Amino acid sequence: MPELPDVEVFRNYLDSTSLNQSIQSVQLKSLKILKEISSQELEKELPGRKILGSHRHGKHLFLRMDDARWLMLHFGMTGFLKYFERMEEDPKHDRMLINFENGFHLAYVCQRLLGEVNLVEDKDKLIQEREMGRDALEMDYNTFKKIIQEKRGSIKSALMNQKYISGIGNIYSDEILFQAGVHPKKEAKQLGEAKIKKIYQEMRTVLTKAIEYHVDPAQFPDSYMLPHRDTDLRCPRCHNSFQQIKITGRTAYVCPHCQE
DNA sequence: AGTACCACCTGACGGC
DNA sequence: TGCCGTCAGGTGGTAC
């Protein structure tokens, strides 16, 4: 799931459930989601603290703790959050459990263990150290244009490169390019200014709308690719079949008739 | 600076 | 029922 819109939905979910509550205890159930920090440190440092707010950068979620540190969550390909009271509701692949003093629990769930949890003093320093690009929804047009014009390779891999633009993954890059009528294999450098502008506008529209629809494909307009990806595999415009091609190892869906 | 390929992981699905 | 290959909305390393 977790591209920019998914993580924004997680953020809203967290904000409406888990803020300003004292943490009683924390359990790490898998060490594989930890890269820079030990389970002992998390289990020792978080109890007694509260989450005061949240910030999203691309696909990363940062939770601001009341000691000014940041709990960083990345969701890999299969992660999400769940807030619940009864332990029977604890999801199957819970990897970290935050137990609040009010009796509720927040689970960080990550089936394939490709996500990461970390606790840092300075989130901006981490963003810089890990060379994360500007968040896709925070990026102005001129910066976007410069990035696209300077990149070699396909427009799809340019959009998905987190080092330049943070937040867009396989699904939403397909959707943005479908809406813009641009073929994902098109060389970024060869795009004219009108097309770059169109892609930029569609990037904003698609990501914003996806958040509004709570990333639920059933709520997307029929004119979007997403609802058709897992069903009829047909282009809602021309009704021809979507083609599946490989671009830098990922499966891209494309309508050869509507995208050039 | 690109791409191709592998690795990290778990699990679902189709073919035999 | 079981085994096997393949694939999955992410990312990082390596070789070319």
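Worth saying up front: this structure is predicted, and the values here are computed from it rather than measured. So you know, we letter chains A, B, ... as the sequences are listed, proteins then strands, and number each from 1.
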Cationic tip of A/R237 above A/F178 ring, under 6.0 Å, 45° of axis: yes

Side-chain H-bond candidate by donor/acceptor type, A/K246 with A/T251, under 3.5 Å: yes

A/K35 vs A/T251, nearer the 5' end of DNA chain C by closest nucleotide: A/T251

Side-chain N or O of A/K32 closer than 4.0 Å to phosphate OP1/OP2 of B/dC8: no

Distance, rounded to the nearest Å, where A/I168 contributes CD1 and C/dT11 contributes P: 12 Å

Side-chain N,O (A/H93) to OP1/OP2 (B/dC9) below 4.0 Å: no

Candidate nucleotides C/dT11, B/dT3, C/dA8, ranked by approach to the side chain of A/H74 - the nearest: C/dT11

Sugar-phosphate, base or nothing in reach of A/L113, heavy atoms under 4.0 Å: sugar-phosphate

Within 45° cone of A/F220 ring axis and under 6.0 Å: A/K209 NZ or CZ: no

OP1 or OP2 of C/dA8 under 4.0 Å from side-chain N/O of A/T78: no

Aromatic A/Y200 / basic A/K145 pairing, under 6.0 angstrom, 45° off normal: no

Length of the CD-P vector between A/Q190 and B/dG2, whole Å: 14 Å

Interatomic distance where CD belongs to A/E116 and C1' belongs to B/dC9 [whole Å]: 15 Å

Sugar-phosphate only, base, or nothing, as touched by A/S154 at under 4.0 Å among non-hydrogen atoms: sugar-phosphate

Proximity to the side chain of A/T248 - top-ranked nucleotide from B/dT3, C/dA8, C/dT11: B/dT3

Given B/dC9, B/dG2, B/dG11, the nucleotide with the shortest approach to the side chain of A/Q111: B/dG11

B/dC9 and C/dC3, which share atom name P, separated by this distance in whole Å: 23 Å

5' precedence on DNA chain B between A/G249 and A/L114 (nearest-nucleotide basis): A/G249

Watson-Crick/G-U partner (both atom distances under 3.5 Å) of B/dC9: none

Side-chain donor-acceptor pair present, A/D222, A/H228, cut-off under 3.5 Å: yes

Residue-phosphate contact under 4.0 Å: A/K246 side-chain N/O, B/dT3 OP1/OP2: no

Minimum-distance nucleotide to A/R152 side chain [options: C/dA8, B/dG2, B/dT10]: B/dG2

